[in-house]
Amino acid sequence: MENPSSERYEFKAVEAKWQRRWAEGKPYKVVADPARKKYYVLEMFPYPSGRIHMGHVRNYTIGDVIARYKRMRGYNVIHPMGWDAFGLPAENAALKRGIHPAAWTYDNIAYMRDQLKAMGLSYDWDRELATCDPSYYRWEQLIFLKMLEKGLVYRKETTVNWCESCATVLAREQVIDGCCWRCDQPVVPRTMHGWFFRITDYAEELLADLDKLTGWPEKVVTMQRNWIGRSQGLACDFPVEGSDRKITIFTTRPDTIYGVTFMSLAVEHPLVEQLSAGTEHAAAVREFVRTTLIEKQRKSLDEELDKKGVFTGAYCLNPFTGERVPVFAANFVLMEYGTGAVMAVPAHDQRDFDFANAYNLPIREVIRPAAQHPTEKLSQAYTEPGVLVDSGPFTGMDSEAAKEAIIKHAAANGFGQAQVTYRLRDWGISRQRYWGAPIPVIHCAKCGIVPVPEEQLPVVLPGTDRPDGSHAPLHQQTDFIATTCPTCAGAARRETDTMDTFVESSWYFARYTCPDCATSPLDPEQARYWLPVDQYIGGVEHAILHLLYSRFFTKVLRDLGYLNIDEPFRNLLTQGMVIKDGAKMSKSKGNVVDPNELIERYGADTVRLFSLFAAPPERDLEWNAQGVDGASRFLNKVYRLVAPVAQAGNTSPALPPLESLNEPSRALHRKTHQTIKKVTDSIESNFHFNTAISAVMELVNLASALVADGKEVAPAVLRACLDTTLLLLFPMVPHFCEELREMIGHDRSLDQSSWPDFDAEAAREEAITVIVQVNGKVRARLEVPADTGDDELQDLALADERIQKTLAGKEPKKIIVVQRKLVNIVV
RNA sequence: GCCGAAGUGGUGGAAUUGGUAGACACGCUAUCUUGAGGGGGUAGUGACCACAAGUCGUGCGAGUUCGAGUCUCGCCUUCGGCACCA
């Protein structure tokens with residue numbers, strides 16, 4: 001006979017067995033069913049980089065628990081998985097190893113898919129998609145064409161952020177501290193043509209709808225709000241003296257307009273050249289522009305440049321005062337924001353103040369704090385609100401009121417109007433890369449830019465089925481480039497840019513609702529049933545880029561008639577990082593833990609359990625090898641509790657009346673129901689699986705102790721406790737629970753079972769501990785029946801020996817009784 | 001500089017939302033299980049004190065309250081985001 005204490009749960013065979021059943025029986029395959037309530041759980045899909053890491057394990061485990069839990073709650077749950085498969089690493093790997101990016105990508109997908117299956121994740125694999133597959137990107141190309149038709153796509157020449165090492169353009173969002181987000185090399189400016197999505201057309205809605213995202217972390221909403229960066233102000237024309245030109249400025253401080261003492265233009269501003277041309281200043285200006293551009297390029301991360309500028313030789317006129325002020329080109333004015341021209345009010349803007357001091361320009365105070373009179377020399381700009389002084393007819397007004405009045409005045413006189421400006425800029429999507437979705441347009445010498453006709457889609461990436469290393473950027477693919485113009489049938493050439501990979505990930509969640517639809521990007525009926533995503537889960541690193549683009553795409557697809565929703569993700573959970581030795585796990589730090597090794601050694605359930613138990617999902621998870629042992633020990637403890645019951649036979653006796661049970665049985669039954677409540681609450685409130693697990697541990701500890709002590713627990717009560725334990729743990733450790741459930745004789749699997757019901761009556765405590773405080777300090781504890789009344793509690797408290805001693809005869813001033821909780825005696 | 005989040009034992013983290021601070025777990029100590037092995041059981045484990053009694057304890061300082069980890073105000077520290085945005 002084997003020593004029961006050494007008996008262990010054989011995870012390897014068990015996990016293989018259930019994974020086989022899931023693959024064959026497809027219990028997680030779903031179809032739309034309008035009669036049932038749907039629930040869409042989605043984890044951010046992975047880039048097929050090679051193998052999964054602990055961050056993936058954590059992300060997908062969280063999603064899987066939610067999916068399984070919601071199924072037990074009766075929802076029709078869609079839980080898909082796919083691959084964000086275009087991108088630079090495939091090209092780099094291909095170059096390095098002389099294989100085709102497609103081969104590298106699909107090999108990785110095959111490997112990683114097996115890894116995910118080994119984790120026991122409950123995906124509907126029939127919905128799997130890979131964005132590099134023409135059956136996916138052809139619809140993206142169609143969406144592009146529809147957007148082009150609607151004027152939401154345009155081509156322009158711009159200065160772009162160019163990464164030398166990746167040899168591609170980067171979106172502004174992909175430039176981090178002046179370096180490439182991917183390779184960390186410095187980014188340089190470069191002028192070229194590129195395609196843009198008019199995301200700024202949606203800036204207002206993207207901002208306004210943030211208020212609808214009540215299921216998102218506040219932090220993410222705030223980050224998006226700041227990123228969109230709406231400011232309200234005045235656009236105003238300052239005529240150039242002696243010329244019919246004018247300088248248009250944007251300001252959020254129209255109330256300071258009487259304090260303008262000069263004008264600053266960005267060095268890139270076209271007027272800089274024009275105004276100085278042919279004057280004695282021309283050479284100096286040109287030199288200044290040249291050096292500033294170089295300096296800006298080199299600008300290191302957090303350093304602000306010293307304020308520098310050069311007089312253009314021109315003056316312009318303040319339309320409010322007619323006053324003549326000098327026009328400068330300045331290094332601190334951004335061409336990309338507002339109009340690239342700034343009215344300078346040194347008294348009320350620190351940058352202008354610094355500049356004025358450096359160049360000996362006048363500083364004129366026009367706003368004062370209400371109380372303060374005297375005119376001592378300003379030591380720095382006063383930027384707070386206040387009362388206007390020396391401001392013509394607006395003098396004496398409050399600065400907030402003056403903003404409005406001044407805008408009105410400008411509008412009435414035709415030299416300005418209210419204007420809203422955004423920090424957000426249009427999304428540059430052109431990439432000079434091979435491994436991406438081709439942009440479906442044709443350049444014709446005669447007809448210009450011609451969209452590829454819909455029936456010619458997809459524009460297939462050349463060589464995808466020829467893994468022979470022909471993966472050069474598209475502009476070297478002469479076969480691909482040469483085509484005929486759809487309009488005039490003359491010789492023409494294809495666009496060689498591919499789309500930013502963020503385009504693929506901006507709508508994949510919608511495509512999951514109809515991955516095989518062969519007639520349209522989306523099947524409106526499927527989309528209407530399944531969308532929006534009810535719960536989205538992923539890392540906070542996507543708080544701006546991916547989530548903003550997806551929101552934008554959702555609105556575009558709505559306006560194109562494919563969707564009927566405004567927002568893609570109802571609830572968002574941003575999971576924390578996996579940390580080891582105080583740092584995020586990464587290859588470069590050499591602190592990675594390989595999920596494969598863990599699963600091999602402990603089994604998927606143990607790994608899942610640990611990652612859920614060690615921290616709540618939104619917090620960083622500190623990796624701890626001993627914690628994994630602990631998770632493994634717990635499962636074995638449950639196993640040892642269940643195994644004897646399995647051997648005792650498979651009858652499931654009915655629960656006798658509670659009054660007939662002995663105290664240990666009643667206690668276990670009570671604890672069982674308390675645990676159902678605790679676990680349910682933990683999951684429902686904020687997916688705090690760590691506390692859910694600890695509640696089950698308490699239940700298991702109690703049951704184990706009762707059994708070990710030889711207490712006569714009614715078989716029906718123990719049985720119900722174990723059934724419940726397996727139901728509650730199932731979403732977290734599915735193979736384990738299914739196996740044990742089968743062992744104790746159930747023929748219906750947990751996949752077909754409902755979440756246990758909580759019985760408040762059964763959970764109610766018979767006796768409670770009431771604390772007795774004197775002046776707020778705990779002095780005694782009373783064990784009393786749960787229904788003891790207030791008066792009786794007070795009497796019991798006062799009669800308590802220790803309380804008597806503490807009071808030492810002092811007369812209570814006040815006694816506070818909180819039912820079922822405490823008595824506080826104030827003396 | 002601006003915005004946001006977080007500070008609780010040796011460690012990860014609990015605390016019914018104003019009512020027993022430290023659940024659950026890891027680690028550690030002692031002990032039992034024929035000696036060891038990532039096994040099991042029992043007891044202990046916030047600090048001070050030789051125990052007990054007691055005192056002190058949730059980043060710091062005030063405040064509200066019978067009662068504060070929780071609420072208010074003011075600081076400090078750490079982390080994240082944005083950053084010459086006019």
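Order of the sequence lines fixes the chain letters, A, B, ..., with proteins taken first and strands second; residue numbering starts at 1 for each chain.
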A.B. asks: Check N624(A), L621(A), N591(A) against K580(A) for a side chain to side chain contact (heavy atoms under 4.5 Å, CB included) and give me the one that passes.
C.D. replies: N591(A)
A.B. asks: Any ion pair linking K678(A) and E698(A) (charged N to carboxylate O, less than 4.0 Å)?
C.D. replies: no
A.B. asks: Which label fits U65(B), syn or anti, where anti is any glycosidic angle not within 90° of 0?
C.D. replies: anti
A.B. asks: Applying the Watson-Crick and G-U wobble criteria at under 3.5 Å, what pairs with C79(B)? Answer none if nothing qualifies.
C.D. replies: G4(B)
A.B. asks: Do any N or O atoms of the protein come closer than 3.5 Å to N or O atoms of nucleotides 61-63 of chain B, and which pairs are they?
C.D. replies:
none

A.B. asks: Considering every strand and a 4.0 Å limit on heavy-atom distances, what is the contact class for R820(A): base, sugar-phosphate, or nothing?
C.D. replies: nothing
A.B. asks: With a 4.0 Å cut-off on heavy atoms, is G630(A) in touch with a base, just the backbone sugar-phosphate, or nothing at all?
C.D. replies: sugar-phosphate
A.B. asks: Just the atom pairs and distances: protein N or O near nucleotides 66-68 of chain B's N or O, under 3.5 Å.
C.D. replies:
| unit_1 | atom_1 | unit_2 | atom_2 | d |
| --- | --- | --- | --- | --- |
| C66(B) | OP1 | K814(A) | NZ | 3.4 |
| C66(B) | O2' | N824(A) | ND2 | 3.3 |
| C66(B) | O2 | N824(A) | ND2 | 2.4 |

A.B. asks: On the nucleotide C56(B), are OP1 or OP2 found under 4.0 Å from the side-chain N or O atoms that K777(A) carries?
C.D. replies: yes
A.B. asks: Of Y639(A), Y9(A), F11(A), which is the lone residue that meets ring-ring contact (aromatic ring centres under 6.0 Å, His included) with F736(A)?
C.D. replies: Y9(A)
A.B. asks: Could you give the CG-to-C1' distance, from L598(A) to G38(B), as a whole number of Å?
C.D. replies: 13 Å
A.B. asks: Checking only heavy atoms, does the side chain of K219(A) share a donor-acceptor pair with the base of C3(B) at less than 3.5 Å?
C.D. replies: no
A.B. asks: Find the partner of U45(B): check Watson-Crick (N1-N3 plus N6-O4 or O6-N4) and G-U wobble (N1-O2, O6-N3) distances, both under 3.5 Å, and reply none if neither fits.
C.D. replies: G27(B)
A.B. asks: Specify the residue among N701(A) and Y602(A) whose closest nucleotide of RNA chain B lies further upstream toward the 5′ end.
C.D. replies: N701(A)
A.B. asks: Going by side-chain contact (heavy atoms from CB on, under 4.5 Å), name the residues that satisfy it together with T291(A), two or more places apart in sequence or in a different chain.
C.D. replies: E287(A)
A.B. asks: Tell me which of T222(A) and E336(A) sits closer to the 5' end of RNA chain B, going by the nucleotide each one is nearest to.
C.D. replies: T222(A)
A.B. asks: Any salt bridge between D306(A) and K308(A), counting N to O under 4.0 Å?
C.D. replies: no
A.B. asks: Across all strands shown, which nucleotide pairs with G39(B) by Watson-Crick or G-U wobble geometry, both distances under 3.5 Å?
C.D. replies: U33(B)
A.B. asks: How long is the line joining CE of M335(A) and P of A86(B), in whole Å?
C.D. replies: 16 Å
A.B. asks: Compare side-chain N and O positions of R633(A) against OP1 and OP2 of G27(B) and report whether any pair is under 4.0 Å apart.
C.D. replies: yes
A.B. asks: Mind calculating the distance between CG (L424(A)) and C1' (C82(B)) to the nearest angstrom?
C.D. replies: 14 Å
A.B. asks: Which pairs, with at least one residue in residues 606-635 of chain A and sequence neighbours excluded, count as a salt bridge (charged side-chain N to carboxylate O under 4.0 Å, His left out)?
C.D. replies: D64(A)-R608(A)
A.B. asks: Expressed as a whole number of angstroms, how long is the span from L609(A):CG to G12(B):C1'?
C.D. replies: 14 Å
A.B. asks: Report yes or no: is the cationic atom of K307(A) (NZ for Lys, CZ for Arg) closer than 6.0 Å to the six-membered ring centre of F332(A), at no more than 45° off its axis?
C.D. replies: yes
A.B. asks: Sequence neighbours excluded, which residues qualify as side-chain contact (heavy atoms from CB on, under 4.5 Å) partners of A356(A)?
C.D. replies: F262(A), P346(A), L361(A), I363(A)
A.B. asks: Does Y422(A) put a side-chain nitrogen or oxygen below 4.0 Å from OP1 or OP2 of C85(B)?
C.D. replies: no
A.B. asks: State whether E765(A) and R820(A) are salt-bridged, where the test is any N-O pair (Lys NZ or Arg NE/NH1/NH2 against Asp/Glu carboxylate O) under 4.0 Å.
C.D. replies: no
A.B. asks: Can any side-chain N or O of S704(A) pair as donor or acceptor with the backbone N or O of N701(A) at less than 3.5 Å?
C.D. replies: no
A.B. asks: Measure centre to centre between the rings of F415(A) and F238(A), then say whether the value is under 6.0 Å.
C.D. replies: no
A.B. asks: Please produce a list of atom pairs where a protein N or O lies less than 3.5 Å from an N or O of nucleotides 13-15 of chain B.
C.D. replies:
| unit_1 | atom_1 | unit_2 | atom_2 | d |
| --- | --- | --- | --- | --- |
| G13(B) | OP1 | D620(A) | O | 3.3 |
| G13(B) | O3' | N690(A) | ND2 | 3.2 |
| A14(B) | OP1 | N690(A) | ND2 | 3.0 |
| A14(B) | OP2 | R619(A) | NH2 | 3.1 |

A.B. asks: If you count the non-hydrogen atoms of other residues, nucleotides and ligands that lie under 6.0 Å from CD in E204(A), is the total more than 12?
C.D. replies: yes
